[in-house]
Amino acid sequence: MNSLLLKLYFIRKIKGLFMRFRLDFIFGPFSGIVMFISYLAKLSKWRPKNSFNDFYMEGRRDLPDCLYDQNSSSMPNCWDL
C-alpha cells in the first residue's frame with residue numbers, strides 16, 4: 001500500500017512541475033517516439049505469450065509471390081494456387 005501511495009505522490013509532483021514550468025516545450029517534440037518505443041516494448045512482451053503469428057519476421061515467405069506481381073491487370077487469386 002505504501003508503494004502505491006509513494007508512486008501516486010511522485011506522479012502528482014511530476015504533473016505539477018510540468019504544469020507550473022511548462023515543460024511541454026522541452027519534452028513535447030519527443031513524445032511521439034517515446035510512445036512508439038513504449039508500445040513496441042509492450043508488444044514484444046505480449047508476443048511470446050500468445051500464439052498469434054502475424055508479425056514481421058526476417059525471411060518470412062508465407063505469402064505467395066503473385067501478390068507482389070506488378071504486371072497483372074487484375075488481382076490474382078493466389079490462395080487457390
Side-chain angles (χ1 to χ4, degrees):
M1 181 69 176
N2 287 337
S3 65
L4 178 62
L5 292 176
L6 187 63
K7 183 178 178 179
L8 291 175
Y9 172 79
F10 281 116
I11 290 173
R12 284 180 50 206
K13 289 295 180 182
I14 290 171
K15 283 183 178 180
L17 287 173
F18 264 82
M19 299 300 160
R20 185 174 183 189
F21 295 115
R22 303 265 314 171
L23 296 177
D24 58 306
F25 288 113
I26 298 170
F27 295 104
F30 305 109
S31 65
I33 190 69
V34 170
M35 284 184 3
F36 174 74
I37 292 172
S38 172
Y39 290 137
L40 194 59
K42 289 183 181 199
L43 179 66
S44 67
K45 182 180 177 184
W46 173 84
R47 184 177 173 225
K49 296 177 184 176
N50 297 281
S51 62
F52 187 67
N53 191 13
D54 194 26
F55 298 103
Y56 171 77
M57 290 169 32
E58 195 169 327
R60 182 176 168 184
R61 298 292 296 167
D62 62 344
L63 293 176
D65 288 332
C66 64
L67 287 177
Y68 304 107
D69 186 17
Q70 299 295 325
N71 298 328
S72 63
S73 59
S74 63
M75 186 67 178
N77 190 0
C78 295
W79 305 112
D80 292 335
L81 297 177

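One is the number of the first residue; the rest follow in order along the sequence.
Applying the 4.5 Å side-chain rule to ILVMFWY residues, one finds that Phe25 remains a lone member of its cluster.
Atoms OG and CG, from Ser3 and Leu8 in turn, are 9.5 Å apart once rounded to the nearest 0.5 Å. One finds the CE atom of Met35 at 10.5 Å from the CD1 atom of Ile33 (value rounded to the nearest 0.5 Å). Note: Phe21 CZ to Ile26 CD1 = 11.0 Å, rounded to the nearest 0.5 Å.
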Test Met19 against Leu17 for side chain to side chain contact (heavy atoms under 4.5 Å, CB included), laying out the working first. CA-CA 5 Å; Met19 299 300 160; Leu17 287 173; over 6 Å; no

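Residues Phe36 and Val34 share a hydrophobic cluster, clusters being chains of Ile/Leu/Val/Met/Phe/Trp/Tyr side chains in contact below 4.5 Å.
Under the ring pair (Phe, Tyr, Trp, His ring centres under 6.0 Å) criterion, Phe27 pairs with Phe18, not counting sequence neighbours.
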